[in-house]
Trainee: 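I have a structure here, written as structure tokens, and I will follow up with some questions on it.
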Amino acid sequence: MEQHKRTVTCGELRAADAGRHVVLNGWVHRNRDHGGVHFINLRDRYGITQVVIDEGAPVELTGIADELRFEFVVAVGGVVRARPPEMVNPEMATGEVEVAAQSVHILTRSETPPFMIDERSDAREDLRLTYRYLDLRSFSMQRKIKLRHDVTFRVREYLHREGFYEIETPTMIRSTPEGARDFLVPSRTHRGAFYALPQSPQLYKQILMVSGFDRYFQIAHCFRDEDARGDRQPEHTQIDIEMSFVGKDDVFALVEGMFAHVFSHTIDRKLETPFVRLAYDDALNRYGSDKPDMRFDLELRDFGSFAADSDFKVFTGVLESGGAVKVLVVPGAAEYSRKQISDLEETAKTYGAKGLAWMKLTDAGLDGGVSKFFASRTAEISEAFGASPGDLLLFVADTWTTACTALGAVRARLGRELGLIDPAEFRFAWIVDFPLFEWNEEKQGWDASHHMFTMPQEAYLSSMESDPGPVKGDLYDLVCNGVELASGSIRVHDPEIQRRIFSIVGFPEEEAERRFGFLLESFRYGAPPHGGIAPGLDRLVMLMAGESTIREVIAFPKNTVGICPMDDSPSAVDPAQLDELGIRIVEPPPDE
RNA sequence: GGGGGCGUGGCGAAGUCGGUUUAUCGCGCCGGCCUGUCAAGCCGGAGGUCGCGGGUUCAAUCCCCGUCGCUCCCGCCA
């Protein structure tokens with residue numbers, strides 16, 4: 001290799017380099033044979049450079065040129081020369097020049113690849129994942145992986161400057177199942193005992209605060225044994241952050257500064273800070289989601305007052321049982337066909353709505369659907385909701401939560417269908433004032449809606465036991481463009497409040513002691529007030545890259561069924577390994 | 001656990017609704033021609049049990065049933 005080592009990359013030569021002797025290393029991206037003249041596009045991470053083998057070249061050179069196929073790895077020695085003006089390629093960064101080859105050395109050959117390394121290659125995803133190393137050669141993947149590197153670099157740069165220490169926490173920890181299922185790692189030396197892979201470094205970062213580390217962060221891998229989605233993998237990465245002696249405003253300011261720094265230094269975007277804050281109740285009321293896409297308006301409104309006075313039994317019935325009637329006014333959508341409306345209804349039903357009522361506002365008044373119940377009040381309704389002729393009104397009547405979320409799903413769909421979304425925009429918002437507890441119908445009791453270490457807001461401290469429903473916690477999400485980007489909270493550091501929360505959610509103290517006694521014990525030795533947040537790195541880079549699945553920004557992702565098609569994991573293991581661990585595989589009982 | 005979509009030469013797609021021919025097109029592959037292309041061009045060629053199994057039929061890529069794989073969504077994911 002020594003004599004073939006590159007002196008320049010494939011992305012850097014310009015007109016000013018004309019006359020230089022250079023050596024290039026790279027992959028054969030194209031080989032165009034014009035019967036005498038060969039044009040070889042040589043590709044590496046940095047770009048593409050055109051290599052020319054002139055007709056007058058020695059026979060051994062043209063012979064090698066004839067042999068070159070896609071993805072051969074070659075070393076080319078030659079002289080840089082400026083292209084004649086009419087042959088400059090303005091599409092290429094190196095388009096002003098070409099390298100006249102004096103030697104071409106094949107470093108390795110390649111079989112015909114299963115798909116082309118090309119921006120336009122559109123191989124199906126599992127094939128791309130099977131041959132991920134080929135897929136990753138494409139410039140579009142190289143760009144995304146570089147962006148991910150740039151983001152983590154700028155995160156580290158920013159947090160370092162802000163006085164944070166990056167501290168690693170263990171990947172094999174005690175299983176403390178609470179939310180998602182744990183991945184378990186069997187111990188050989190302690191037969192029958194298991195480590196768990198962390199769902200997040202939550203407990204450890206809190207203990208680091210007790211340890212006096214004040215400001216901690218970590219680019220941490222987190223593992224959850226739950227079904228995957230476009231924005232969810234069994235294994236993902238979060239920017240884990242925890243701070244002592246802070247309130248949520250301090251956390252918000254830090255994260256806003258960090259995002260502004262990252263966006264400005266990676267994709268050259270100035271973010272407006274501070275980010276908008278939106279109470280959970282308002283987010284649901286207005287957008288029908290706790291992670292609203294605020295790049296377009298189309299807000300939900302309350303139709304309760306009109307519904308209550310109507311003869312429409314479906315609406316009045318829902319209201320009488322304490323539910324809500326929400327309306328969405330869709331400008332200009334009165335042309336929607338019954339088929340289109342019924343498609344929208346399917347979306348609403350997916351989220352638990354029993355149906356999607358509708359009517360149209362025409363020049364002649366309300367028309368179609370449920371209009372006969374409201375036609376007499378056309379003027380009032382138009383006035384109240386700012387509706388104009390040509391608009392479509394859509395309704396969901398149900399419990400408040402279902403009415404909001406179902407119509408919110410319709411809103412999200414319409415935002416896409418009607419082209420209301422500017423894909424280049426980033427609309428951040430803090431969602432605050434989440435309820436601390438939620439009612440669990442099954443167990444007929446209260447659950448922690450985030451986790452049990454979240455601090456109740458001070459105003460609710462005295463009424464926590466008597467009326468848990470309205471209690472708001474000091475927890476917050478950061479959302480952007482309909483994606484939940486981060487989640488965090490101010491933690492409980494007072495053992496007494498902690499005890500009260502355990503008791504409200506019916507969590508036995510001995511159980512708490514067994515699962516995370518080590519955390520609770522640490523709190524008995526002077527725990528500082530603390531709080532933190534954990535932005536998801538994959539989702540962040542996904543948004544920045546304009547992608548819709550995090551698989552596009554992970555070098556080696558699993559597919560939606562948790563399989564890595566490249567190494568074919570998970571796999572069966574050698575029986576001897578199982579013997580050592582004392583594990584026996586039990587076949588599932590045959591299905592009925 | 002539930003629902004939707006997809007599965008056709010190496011790759012991407014058409015054909016399937018409404019049954020019957022050498023299953024079509026682009027890319028790639030192989031061979032040939034061609035001094036300037038840059039998604040090069042032109043000519044010729046090879047390559048497919050239409051995911052798999054079963055059923056209906058004179059006849060199935062197409063219809064029916066089942067199954068597998070991938071994907072999107074609901075549930076789940078503090």
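The figures that follow rest on heavy atoms only: side chains count, while hydrogens, waters and symmetry mates do not. Just so it is clear: chains get the letters A, B, ... in the order the sequence lines come, proteins before strands, and each one is counted from 1.
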Trainee: Looking at the side chain of A:Gln50, which of B:rG28, B:rC70, B:rC38 is the nearest nucleotide?
Mentor: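 Among B:rG28, B:rC70, B:rC38, the one nearest the side chain of A:Gln50 is B:rC38.
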Trainee: Could you tell me whether A:Leu127 contacts a base, only the sugar-phosphate backbone, or nothing, with contacts defined as non-hydrogen atoms closer than 4.0 Å?
Mentor: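 Answer is sugar-phosphate: A:Leu127 comes under 4.0 Å of backbone atoms only.
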Trainee: Could you measure between the two P atoms, the one in B:rG47 and the one in B:rU24, and give it in whole Å?
Mentor: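 Here B:rG47 and B:rU24 have their P atoms 13 Å from each other.
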Trainee: Provide the Watson-Crick or G-U wobble partner of B:rG31, both distances under 3.5 Å; none if there is no partner.
Mentor: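 Matched B:rG31 with B:rC43 under the 3.5 Å cut-off.
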Trainee: I'd like the C1' distance from B:rC74 over to B:rG12, given in whole Å.
Mentor: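 Here B:rG12 and B:rC74 have their C1' atoms 31 Å from each other.
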Trainee: Indicate whether the side chain of A:Arg515 and that of A:Thr176 have a donor and an acceptor atom separated by less than 3.5 Å.
Mentor: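 Side chains of A:Arg515 and A:Thr176: no pair found under 3.5 Å.
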Trainee: Quick one: is A:Arg128 getting a side-chain N or O under 4.0 Å of the B:rU71 phosphate, OP1 or OP2?
Mentor: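 Looking at the OP1 and OP2 atoms of B:rU71, neither is under 4.0 Å from any side-chain N or O of A:Arg128.
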Trainee: When the ring planes of A:Tyr204 and A:Phe518 are compared, do they come out parallel, tilted or perpendicular, using 30° and 60° as the limits?
Mentor: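 Taking A:Phe518 first and then A:Tyr204, their aromatic rings sit tilted (interplane angle of 30° to 60°).
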Trainee: Measure from the side-chain heavy atoms of A:Arg229 and tell me the nearest of B:rG75, B:rU71, B:rC27.
Mentor: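 For A:Arg229, the side-chain atoms sit closest to B:rG75.
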Trainee: Is the base of B:rG36 stacked against the aromatic ring of A:His34, taking ring centres under 5.5 Å apart and planes under 30° as the test?
Mentor: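 Base of B:rG36: not stacked against A:His34.
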Trainee: Ignoring hydrogens and angles, does a donor from either the side chain of A:Asp126 or the base of B:rC70 sit under 3.5 Å from an acceptor on the other?
Mentor: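 Side chain to base: no pair below 3.5 Å.
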Trainee: In terms of side-chain heavy atoms of A:Arg30, which of B:rA40, B:rC74, B:rG75 is nearest?
Mentor: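 It is B:rA40.
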Trainee: Using a heavy-atom cut-off of 4.0 Å across all strands, would you classify A:Phe453 as base, sugar-phosphate, or nothing?
Mentor: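 The answer is nothing, as A:Phe453 stays clear of every strand by at least 4.0 Å.
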Trainee: Contact class for A:Asp227 vs. all strands (heavy atom < 4.0 Å): base, sugar-phosphate, or nothing?
Mentor: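 Result for A:Asp227 = base.
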Trainee: In B/S/- notation, 5' to 3', how is nucleotides 44-52 of chain B contacted by protein heavy atoms closer than 4.0 Å?
Mentor: ---------
Trainee: Rounded to whole Å, how long is the line connecting atom CD of A:Glu96 with atom P of B:rC38?
Mentor: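 Whole-Å distance recorded here is 19 Å.
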Trainee: Among the nucleotides B:rC70, B:rC34, B:rA40, which one has an atom lying closest to any side-chain atom of A:Arg32?
Mentor: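 So the nucleotide nearest the side chain must be B:rA40.
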Trainee: Can you confirm whether the side chains of A:Asn481 and A:Asp293 place a donor and an acceptor under 3.5 Å from each other?
Mentor: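 The criterion, which ignores hydrogens and geometry beyond distance, is not satisfied for A:Asp293 and A:Asn481.
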Trainee: What's the closest nucleotide to the side chain of A:Asn559 if the choices are B:rU71, B:rU35, B:rG31?
Mentor: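 Closest nucleotide to the A:Asn559 side chain: B:rU71.
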Trainee: Could you give me the CA-CA distance, side-chain angles and deciding distance for A:Trp27 and A:Phe72, then say whether ring pair (Phe, Tyr, Trp, His ring centres under 6.0 Å) is met?
Mentor: CA-CA 6 Å; A:Trp27 284 262; A:Phe72 277 30; over 10 Å; no
Trainee: Examine A:Phe39 together with A:His34 and report whether their ring centres are nearer than 6.0 Å.
Mentor: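 Yes, close enough.
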Trainee: Within less than 4.0 Å of OP1 or OP2 of B:rC76, is there a side-chain N or O belonging to A:Arg224?
Mentor: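 No, because none of the side-chain N or O atoms of A:Arg224 sits under 4.0 Å from OP1 or OP2 of B:rC76.
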Trainee: Return the nucleotide paired to B:rU57: Watson-Crick means purine N1 to pyrimidine N3 with N6-O4 or O6-N4, wobble means G-U with N1-O2 and O6-N3, both under 3.5 Å.
Mentor: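 By the stated definition (distances under 3.5 Å), nothing pairs with B:rU57.
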Trainee: Is there a donor-acceptor contact under 3.5 Å linking the side chains of A:Asp44 and A:Thr9?
Mentor: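 There is no such pair between these side chains.
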Trainee: Hey, which sits more toward the 5' end of RNA chain B by its nearest nucleotide, A:His451 or A:Glu91?
Mentor: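 Comparing both residues, the 5'-ward one is A:Glu91.
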Trainee: What contact category does A:Leu134 fall into here, base, sugar-phosphate, or nothing, at under 4.0 angstrom with non-hydrogen atoms?
Mentor: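 Nothing, no heavy atom under 4.0 Å.
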Trainee: Please state whether the base of B:rG3 and the side chain of A:Glu346 form at least one donor-acceptor pair under 3.5 Å?
Mentor: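 It does not, because no donor-acceptor pair links the side chain of A:Glu346 to the base of B:rG3 below 3.5 Å.
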Trainee: With no hydrogens and no angle check, do the side chains of A:Asp433 and A:Tyr476 hold a donor and an acceptor under 3.5 Å apart?
Mentor: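 A:Asp433 vs A:Tyr476: no donor-acceptor pair found between side chains.
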Trainee: Have A:Arg32 and A:Gln50 got a donor and an acceptor in their side chains that come within less than 3.5 Å?
Mentor: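 Present: a donor and an acceptor within the cut-off.
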Trainee: So, A:Asp477 versus A:Ser487: side-chain donor-acceptor pair below 3.5 Å or not?
Mentor: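 There is such a pair (donor and acceptor under 3.5 Å, judged by atom type) between the side chains of A:Asp477 and A:Ser487.
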Trainee: Whole Å only: how far is the CG atom of A:Asp231 from the C1' atom of B:rC73?
Mentor: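 Value for this atom pair: 11 Å.
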Trainee: Base, sugar-phosphate, or nothing: which does A:Gly230 touch, judged by heavy atoms less than 4.0 Å apart?
Mentor: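 Sugar-phosphate only.
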Trainee: Ring stacking, A:Phe39 with base of B:rU37, under 5.5 Å and under 30°?
Mentor: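 It does: the two rings, one from A:Phe39 and one from B:rU37, meet the stacking criterion.
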Trainee: Taking B:rG36 as the reference, what is the distance to B:rC52 when you measure between their P atoms (whole Å, please)?
Mentor: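 About 46 Å, rounded to a whole number of Å.
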Trainee: Figure out the CD/C1' separation between A:Glu67 and B:rC30, and round it to whole Å.
Mentor: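 The answer, rounded to whole Å, is 15 Å.
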Trainee: Using the P atom as the reference point in each nucleotide, state the distance between B:rA60 and B:rC17 in Å, no decimals.
Mentor: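 Their P atoms lie roughly 14 Å apart.
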Trainee: Could you tell me the Watson-Crick or G-U partner of B:rG7, where both distances fall under 3.5 Å? Say none if there is no partner.
Mentor: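 B:rC68 is the nucleotide pairing with B:rG7.
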Trainee: Can you tell me, in whole Å, how much space there is between the P of B:rG1 and that of B:rC76?
Mentor: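 Comparing P positions in B:rG1 and B:rC76 gives a spacing of 15 Å.
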Trainee: Can you check the distance between B:rU8 and B:rG48, where both ends of the measurement are the P atom (answer in whole Å)?
Mentor: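 Roughly 15 Å separates the two P atoms.
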Trainee: Consider the side chain of A:Phe70, meaning its heavy atoms from C-beta on, and name the nucleotide among B:rG28, B:rU71, B:rC38 that approaches it most closely.
Mentor: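 Among B:rG28, B:rU71, B:rC38, the one nearest the side chain of A:Phe70 is B:rG28.
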Trainee: Contact class for A:Val561 vs. all strands (heavy atom < 4.0 Å): base, sugar-phosphate, or nothing?
Mentor: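 Result for A:Val561 = sugar-phosphate.
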Trainee: Relative to each other, are the rings of A:Phe453 and A:His451 parallel, tilted or perpendicular (30° and 60° limits)?
Mentor: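 Because their plane-to-plane angle lies in the 30° to 60° range, the rings of A:Phe453 and A:His451 count as tilted.
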Trainee: Just to be sure I understand the rule, does A:Arg416 reach a base, reach only the sugar-phosphate, or reach nothing, if contact means heavy atoms closer than 4.0 Å?
Mentor: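 If one applies the 4.0 Å heavy-atom cut-off, A:Arg416 turns out to touch nothing in the nucleic acid.
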Trainee: Students often get this wrong, so: under 4.0 angstrom with heavy atoms, is A:Met92 touching a base, only sugar-phosphate, or nothing?
Mentor: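 It contacts base atoms.
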Trainee: For A:Glu71 and B:rG28, give me the distance from atom CD to atom C1', rounded to whole Å.
Mentor: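 Interatomic distance, CD of A:Glu71 to C1' of B:rG28: 13 Å.
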Trainee: Mind checking if A:Glu86 touches a base, just sugar-phosphate, or nothing, with heavy atoms under 4.0 Å?
Mentor: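 Nothing: the residue A:Glu86, judged by heavy atoms under 4.0 Å, touches no strand.
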Trainee: Using a heavy-atom cut-off of 4.0 Å across all strands, would you classify A:Arg124 as base, sugar-phosphate, or nothing?
Mentor: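 Sugar-phosphate, no base atom in range.
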Trainee: Should B:rU22 form a Watson-Crick or G-U wobble pair with both distances under 3.5 Å, which nucleotide is its partner?
Mentor: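 Checking every strand shown, B:rU22 finds no partner, since no pair has both distances under 3.5 Å.
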Trainee: Under 4.0 Å, counting only non-hydrogen atoms across every strand here, what does A:Asp225 touch: a base, just sugar-phosphate, or nothing?
Mentor: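 Touches nothing.
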Trainee: Determine the contact category for A:Asp33: base if any of its heavy atoms lies under 4.0 Å from a base atom, sugar-phosphate if only primed atoms, P, OP1 or OP2 are that close, otherwise nothing.
Mentor: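 It contacts base atoms.
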Trainee: For A:Asp66 and B:rC34, give me the distance from atom CG to atom P, rounded to whole Å.
Mentor: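 So the two atoms are 12 Å apart, to the nearest Å.
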Trainee: Say whether A:Asp538 and A:Gln233, considering side chains only, have a donor N or O and an acceptor N or O under 3.5 Å apart.
Mentor: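 The criterion, which ignores hydrogens and geometry beyond distance, is not satisfied for A:Gln233 and A:Asp538.
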Trainee: What integer number of Å spans the P atoms of B:rG19 and B:rG15?
Mentor: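 About 16 Å, rounded to a whole number of Å.
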Trainee: Base, sugar-phosphate or nothing for A:Glu111? Non-hydrogen atoms, less than 4.0 Å.
Mentor: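 The residue A:Glu111 makes no contact with any strand.
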Trainee: With a 4.0 Å cut-off on heavy atoms, is A:Ser449 in touch with a base, just the backbone sugar-phosphate, or nothing at all?
Mentor: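 Sugar-phosphate: the residue A:Ser449, judged by heavy atoms under 4.0 Å, touches backbone atoms but no base.
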Trainee: Quick one: A:Ile550 CD1 to B:rU71 P, roughly how many Å, whole number?
Mentor: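 Whole-Å distance recorded here is 13 Å.
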Trainee: Atom CZ of A:Arg69 to atom C1' of B:rC29: distance rounded to whole Å?
Mentor: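 Between C1' of B:rC29 and CZ of A:Arg69: 9 Å.
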Trainee: Quick check for you: among B:rC74, B:rC76, B:rG36, whose closest atom lies nearest to any side-chain atom of A:Arg83?
Mentor: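 Of the candidates, B:rG36 comes closest.
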Trainee: Report the distance from atom CD1 of A:Ile53 to atom P of B:rU37, rounded to the nearest whole Å.
Mentor: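 Atom-to-atom, A:Ile53 to B:rU37, this comes out as 18 Å.
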Trainee: Assess the side chains of A:Asp54 and A:His38: does a donor N or O sit below 3.5 Å from an acceptor N or O?
Mentor: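 Per modelled atom types, A:Asp54 and A:His38 side chains form no pair under 3.5 Å.
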Trainee: Considering only atom P, compute the distance from B:rU61 to B:rG9 and round it to an integer number of Å.
Mentor: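 Taking atom P in both B:rU61 and B:rG9, they lie 14 Å apart.
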